[in-house]
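Counting begins at 1 with the first residue of the sequence.
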Amino acid sequence: MRNIRRIAVILVVVGLIATAFSTAAQGGGEGLTIGFSQIGSESAWRTSFTDAVKAEAEARGINLLFSDAQQEQENQIAAINAWIAQGDVDAIILAPVVTSGWDVVLQEAKDAGIPVVIVDRNVDADPSLYVTRVSSDFVHEGRLAAAWLVQATSGNCNIVELYGTVGSAAAEDRATGFREVIALFPGMQIIRSETGNFVRTEGKQVMESFLSAEDPANICAVFAHNDDMAIGAIEAIKEAGLVPAQDILIVSVDAIPDIFDSLDAGETNATVELSPFMGAPAFDAVVATLAGEELPKWIPVAGSLYTSRAAYDADHQ
Ligand code: GZL
């Protein structure tokens with residue numbers, strides 16, 4: 001009888017320890033009301049990011065107030081002002097569509113005592129107005145894409161660029177990083193650049209215009225600021241009777257599932273990973289700041305360049 005009681009006590013203690021660890025692993029936040037101002041649903045990556053944040057909030061028992069701004073900054077500002085007025089919002093997470101124009105609303109949130117965590121893209125605002133930023137390094141993503149293209153072309157390539165949303169940190173910084181690297185190689189030059197707004201259909205339309213304006217034989221490669229525009233470009237290249245990833249090389253960013261289908265089909269060459277799983281570090285930052293902890297102004301999310309599904313899967317087992 002004594003052994004049975006002893007085993008029962010041990011099982012209870014183990015259960016309590018496991019519960020404690022599982023709660024700690026989740027990073028907490030249960031019962032908090034957090035507003036999440038999302039840019040929109042312009043790309044497959046953005047949709048995955050939204051789904052991941054919602055799933056993380058659900059897992060933690062966070063009451064998430066979600067706003068899809070449909071790529072309009074004014075909608076993001078309106079949502080934040082509404083959450084400030086609501087009076088029971090514990091924190092705000094902001095994925096800013098562009099870098100400028102945030103100081104006023106961030107000051108209003110600060111004056112209301114509501115901490116703001118920036119996720120994904122960046123804001124050009126006084127850093128005292130937000131707790132931290134959880135994001136990848138867009139400049140590094142641009143450098144990785146350029147470095148791959150340099151080695152794939154021995155430093156000789158006329159490049160067309162499918163630019164992301166003008167004024168967004170993701171587009172501006174990827175462009176900066178890409179240009180830093182190709183500037184080291186006189187044979188590498190960007191011969192055309194135009195925004196496709198991170199949207200698949202616009203990427204196709206812009207690529208069609210490039211193929212009309214240039215002798216296609218003069219286009220060595222496409223650098224697309226995201227996979228959706230790259231997939232649009234692939235469609236345009238095929239409809240022009242050319243072979244994507246051979247006649248015209250393609251490198252992009254995001255590592256969305258569809259781009260791995262294109263890699264499997266030999267229709268693109270490389271993608272730079274951008275993790276959509278930024279909800280957990282963002283919610284952890286909210287919990288930490290509400291507990292009075294100081295945080296660094298940037299919490300980086302890493303990503304590598306992949307030229308095959310197998311290589312990506314090997315890194316994500
Ligand atoms: C980058 C992110 C970009 C993605 C696109 O972090 O802001 O916006 O690369 C998305 O897919 O539209």
For this session: Without swapping roles, check the side chain of D254 against the backbone of I256 for a donor-acceptor pair under 3.5 Å.
Result: no
For this session: Sort and list the pairs that fulfil side-chain hydrogen bond (donor to acceptor under 3.5 Å, both in side chains) and have at least one residue in residues 61-73, not counting sequence neighbours.
Result: T33-N63
For this session: Output yes when a side-chain donor or acceptor of Q189 lies under 3.5 Å from a complementary backbone atom of N158, and no otherwise.
Result: no
Exercise. Distance-only, no hydrogens or angles: does the W45 side chain make a donor-acceptor pair with backbone N or O of L274 under 3.5 Å?
Worked result: yes
Exercise. Using 4.0 Å as the upper bound for N to carboxylate O, is an ion pair formed by E235 and R200?
Worked result: no
Exercise. Side-chain contact, heavy-atom cut-off 4.5 Å: I118 with T132?
Worked result: no
Exercise. Where the side chain of Q151 meets the backbone of W148, is there a donor-acceptor pair that is under 3.5 Å apart?
Worked result: yes
Problem set entry | Check: S43 main-chain N/O paired with D228 side-chain donor or acceptor under 3.5 Å | no
Problem set entry | Side chain T289, main chain V286, donor-acceptor under 3.5 Å | no
For this session: Would you verify whether the NZ or CZ of K110 falls within 45 degrees of the ring axis of Y130 while also being under 6.0 Å from that six-membered ring's centre?
Result: no
Exercise. Any salt bridge between D261 and R309, counting N to O under 4.0 Å?
Worked result: yes
Problem set entry | Residues, nucleotides or ligands: over 12 heavy atoms within 6.0 Å of E30 CD | no
Problem set entry | Electrostatic pair E56:R60 at N-O distance under 4.0 angstrom | yes
Exercise. Checking K204 side chain against I237 main chain: does a donor-acceptor pair fall under 3.5 Å?
Worked result: no
Exercise. Judged by atom type as modelled, is there a donor-acceptor pair below 3.5 Å linking the side chain of R133 to the main-chain atoms of D120?
Worked result: yes
Exercise. Considering the options R174, E141, E161, which one meets the side-chain hydrogen bond (donor to acceptor under 3.5 Å, both in side chains) requirement together with H225?
Worked result: E161
